[in-house]
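Each ligand, and each atom within it, is numbered from 1 in the order the structure gives. In what follows, every heavy atom counts, from backbone to side chain, and hydrogens, waters and symmetry copies are set aside. Remember, it's a predicted structure, so these values are computed and weren't measured experimentally.
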Amino acid sequence: MQTQTTTATTAGHITFDEVRRHSEGHRILTGDRPTGPLHLGHYFGTLKNRVDLQAAGVELLLVVADYQTLTDRDRAERPAEAAEDLVLDYLAAGVDPARATVFTHSSVPALNQLMLPFLSLVSVAELSRNPTVKDEIAHSSQAAVSGLMFTYPVHQAADILFCKATLVPVGRDQLPHLEVTRTIARRFNERYATELFPVPRPLLSDAPLLPGTDGGKMSKSRGNAIPLGATEDRTAKLIRGATTDASRHITYDPEARPGVSGLLQLAALCQDRDPAAVAAEIGDGGAAALKKYVTEAVNEYLRPIRARRAELAEDRALLRSVLTEGAERANAVADATLAEVRRAMGMR
Ligand code: TRP
């Protein structure tokens, strides 16, 4: 399992580089809500890392969190198609379905069964003070807050613990949820005098948050995202519309020039260069030259990903079969864990 060199930096965190260097004994579970196409923020924030870690030999499980989409809306929009679309983005980005287990919440009933004893391990007060949940309630368009809004972090604990994941690659907003999972793992082990659950650790991306075309955090809901699957023309248009400033001389200064710097960062990520070096190359070319440069960098980087995506998009049967096989594997593991949980609790 963990060696001394993979120990935490802060509060259980571990870096991607550390895991890449010591990949043995790790099992990674992470996932996404199927609520729309993935974008470059997802890609550089976590998708690319998942693919790299898989290539380094780490076991990868991805949950398509279809039940979780019901936390802040009354109904999921075409949930079956949305799940397949998420698989499409995963595969386009390079997830190898032969080695990864990709499954939906709704196809693994044991997750719901695990949730029940897990709910008994946390207090209402703990569930109510989760800052990510509070933030989601503040941004929800629903008339009333559902019970699922408060309890989904416990369902998420089932996602993570059913396969005894050791590492969970997440964004910072997910850290409170991971804390719930860690608490549940510890308390279950303690209460039932067992060592059934490893206490998983968050794996934060070392890439800085990628700004969107308005200089703010790239996010579907803000309309500032460049989708992985966008056409080259659409990409050019999105970048042309990006917020910059009036100074013709291009410099990398994230504090004072968030718009310009976000674009530089994007080009730098695509070309594996330093953003300041890109800025120096553009020099006095102004925003127009910068945008042209970034558009070319993004389109060139995404060309193979988009080609693969276009091909896979024609094969819905393949996308479905990835989920069917993933569900089979996930169900086998989840049923086994549920049996262990029942035994630990003294049930038959
Ligand atoms: N909550 C995550 C999100 O909104 C999705 C998710 C569901 C998840 N289950 C998970 C992430 C388990 C990590 C581990 O993006």
Side-chain angles (χ1 to χ4, degrees), residues 12-14 16 26-39 41-43 45-47 49-50 53 58-73 76 79 82-83 85-87 89-90 93 95 100-108 110-112 114-115 118 127 130-137 139-140 148-185 197-205 209 217-221 225 326-327 330 333-334 337:
H13 300 170
I14 179 169
F16 277 94
H26 284 304
R27 173 179 276 176
I28 289 186
L29 179 128
T30 188
D32 301 275
R33 297 180 188 186
T35 51
L38 297 185
H39 52 66
H42 295 119
Y43 182 80
T46 154
L47 263 182
N49 281 318
R50 298 178 195 175
L53 289 172
V58 186
E59 186 183 352
L60 181 65
L61 295 101
L62 297 174
V63 59
V64 174
D66 55 354
Y67 277 152
Q68 207 176 96
T69 60
L70 297 172
T71 51
D72 63 354
R73 63 200 75 199
D85 288 343
L86 187 54
V87 176
D89 278 334
Y90 285 164
V95 169
T101 301
V102 188
F103 62 98
T104 60
H105 269 155
S106 60
S107 64
V108 185
L111 290 177
N112 302 11
L114 287 170
M115 186 183 180
F118 288 177
L127 293 177
N130 182 312
T132 299
V133 168
K134 281 191 187 163
D135 191 61
E136 282 173 321
I137 290 172
H139 289 98
S140 166
L148 185 63
M149 181 61 101
F150 287 99
T151 53
Y152 87 80
V154 181
H155 190 237
Q156 186 158 326
D159 299 344
I160 296 167
L161 296 179
F162 91 90
C163 64
K164 303 179 184 171
T166 59
L167 294 173
V168 185
V170 286
R172 289 188 182 275
D173 64 311
Q174 297 291 304
L175 289 177
H177 297 351
L178 205 68
E179 228 20 81
V180 173
T181 300
R182 288 162 59 85
T183 300
I184 288 172
F197 293 117
V199 180
R201 300 202 289 168
L203 185 54
L204 287 171
S205 167
L209 266 192
K217 179 189 172 210
M218 190 179 284
S219 145
K220 273 184 283 216
S221 54
V333 177
T337 302

For a distance cut-off of 3.5 Å, show me each N or O of ligand 1 paired with any protein N or O, plus the separation.
unit_1: ligand 1; atom_1: 1 (N); unit_2: Q68; atom_2: OE1; d: 2.7
unit_1: ligand 1; atom_1: 1 (N); unit_2: Q156; atom_2: OE1; d: 3.0
unit_1: ligand 1; atom_1: 1 (N); unit_2: Q174; atom_2: OE1; d: 2.9
unit_1: ligand 1; atom_1: 4 (O); unit_2: R33; atom_2: NE; d: 3.2
unit_1: ligand 1; atom_1: 9 (N); unit_2: D159; atom_2: OD2; d: 2.7

Is it true that, when you exclude R172 itself, more than 12 heavy atoms of the residues, nucleotides or ligands shown sit nearer than 6.0 Å to its CZ?
no
Verify the distance criterion only: is there a donor paired with an acceptor across the side chains of R50 and T46 at less than 3.5 Å?
yes
In terms of the angle between their ring planes, are H155 and H105 parallel, tilted or perpendicular, with boundaries placed at 30° and 60°?
tilted
Can any side-chain N or O of R182 pair as donor or acceptor with the backbone N or O of P200 at less than 3.5 Å?
yes
With a 4.5 Å limit on heavy-atom distance, are the side chains of P169 and N49 in contact?
no
Set of residues satisfying side chain to side chain donor-acceptor pair (under 3.5 Å) with respect to T35, sequence neighbours excluded
K220
